[in-house]
S.K.: 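Right, I'll just put the structure down here and ask away after.
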Amino acid sequence: MTLRNKKIILAITGSIAAYKAALIVRGLIKAGAEVQVIMTAAATDFISPLTLSTLSKRPVYSSARGEDDWNNHVELGLWADAMLIAPITANTLAKLANGHCEDMVGAVYLSARCPVWFAPAMDLDMWAHPATQANVAKLQSYGNHLIDVADGELASGLSGAGRLAEPEEIIAVLESHFGHETDLAGKKVLVTAGPTYEALDPVRFIGNHSSGTMGVEVAMAAARRGAEVELVLGPSRLKPVHPKLNVTHVISAREMYAVCTNRWPATDIAVMAAAVADYRPATVAEEKIKKKGGADESFSLELVRNPDIAATLGADKRKGQLLIGFAMETENGPANARRKLVDKNLDAIVLNSIREEGAGFGEGTNKVAIITADRERKYSVKPKTAVAKDILDVVVELQA
Ligand code: CTP
């Protein structure tokens with residue numbers, strides 16, 4: 001009952017993803033919360049207020065038509081411990097960014113004194129549009145918290161960024177806010193995340209598909225649990241914000257190495273979630289490399305090894321410091337992960353097998369095993385937010 005007696009307003013707006021709101025209500029209620037659902041008129045076309053009032057055991061306010069409904073907005077704004085807008089459409093994002101309040105959702109939003117989370121859902125081009133991105137940034141500048149969209153199949157049939165985060169993930173975000181776990185208070189945590197880009201010439205690089213999500217989730221979860229977090233982030237579209245989080249942006253493995261080795265002596269716990277390029281081009285051309293011969297010409301690239309950040313930190317590890325690595329394997333996962341655990345002097349290694357459904361790059365979910373010297377803990381497929389919690393639970397256990 002992680003949300004016991006928490007009063008949560010769930011505002012639902014008119015997206016096809018609104019059907020998932022039923023699962024959000026059920027999850028919040030199961031976690032012990034009191035849930036008041038409000039909806040825009042458009043949302044009622046996608047999911048019935050009757051479904052939501054039955055699940056939440058409260059009347060649903062779906063418009064500002066009734067006088068009672070309308071008067072409720074200030075009261076509701078003061079009543080709530082949290083407001084969650086899920087799904088939020090591009091249209092409602094635009095309205096809230098500009099303070100429009102001609103409906104119940106806008107009026108309650110302006111009246112709410114509690115923290116606000118918003119989970120967008122829309123088609124990929126609507127999500128990518130600069131107007132939408134500017135509206136998201138505006139809400140964040142008001143102190144509201146984004147629950148980022150997931151990548152995947154969209155209702156339009158297109159595939160890309162724009163899916164509503166999974167209900168389980170949305171609930172985990174609220175749980176970790178209200179959980180008041182401060183078991184990492186006073187700890188200095190270093191996290192690497194994202195890919196690295198290794199330049200070839202001024203316009204080309206060698207990179208990989210890492211989105212940075214897993215490491216960012218670990219960094220955010222550690223900050224919520226009271227740690228001072230240094231996140232060293234390779235090129236990523238993610239922009240995590242938390243008062244206890246400092247983000248250093250880097251491009252290449254060597255830049256990441258320089259920041260990490262500098263911070264390591266003052267670090268208690270390091271989590272190496274970045275997908276660091278093992279090799280970089282031996283030389284970086286100053287000018288763009290031009291093609292030379294005809295269609296049958298070939299081109300080879302000489303690569304040299306990058307420093308191994310995790311292994312370097314492992315070699316310099318003092319008593320009391322914890323070092324957690326990741327292993328992404330396509331075969332012989334546990335054996336390879338165990339070898340890396342020993343070779344890099346890690347205290348735990350998080351193994352993801354990219355052959356498993358629901359695991360790996362770009363997915364909102366992951367399926368991992370956490371291997372320590374004496375144990376292998378296996379977990380089911382779950383949202384990366386929940387995986388981050390499992391990793392930090394193991395860290396806390398190892399510290400004890
Ligand atoms: N890592 C690192 N610096 C590198 C390479 C990897 O810090 N130059 C870290 C990763 O962040 C991860 C762990 O080491 O925590 C394992 O990375 P992985 O790429 O799976 O293993 P490698 O040791 O590079 O082995 P291989 O690519 O041969 O599987």
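Remember, predicted model here, so these are calculated numbers, not experimental data. Order of listing sets the numbers, starting from 1, for every ligand and every atom in it. Sequence positions, counted from 1, serve as the residue numbers for this chain. As a basis for the values below, the full set of heavy atoms in this structure was taken, side chains included, without hydrogen atoms, waters or symmetry mates.
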S.K.: Heavy atoms under 4.0 Å from ligand 1: which residues qualify?
M.R.: Met272, Ala274, Val276, Asp278, Pro307, Asp308, Ile309, Ala310, Gly325, Phe326, Ala327, Met328, Lys340, Lys344
S.K.: Taking C-beta and beyond as the side chain, do Ile88 and Leu96 meet within less than 4.5 Å on heavy atoms?
M.R.: yes
S.K.: Kindly indicate whether the side chain of Lys57, heavy atoms from C-beta on, has any atom under 4.5 Å from the side chain of Glu34.
M.R.: no
S.K.: Does CZ belonging to Arg263 count more than 12 external heavy atoms closer than 6.0 Å?
M.R.: yes
S.K.: Under a 3.5 Å threshold, yes or no: a donor from one side chain and an acceptor from the other, between Lys138 and Asn98?
M.R.: yes
S.K.: With a 4.5 Å heavy-atom cut-off, do Val350 and Met214 have their side chains touching?
M.R.: no
S.K.: So for atom OH, which belongs to Tyr142, do other residues, nucleotides or ligands contribute more than 12 heavy atoms lying within a distance under 6.0 Å?
M.R.: yes
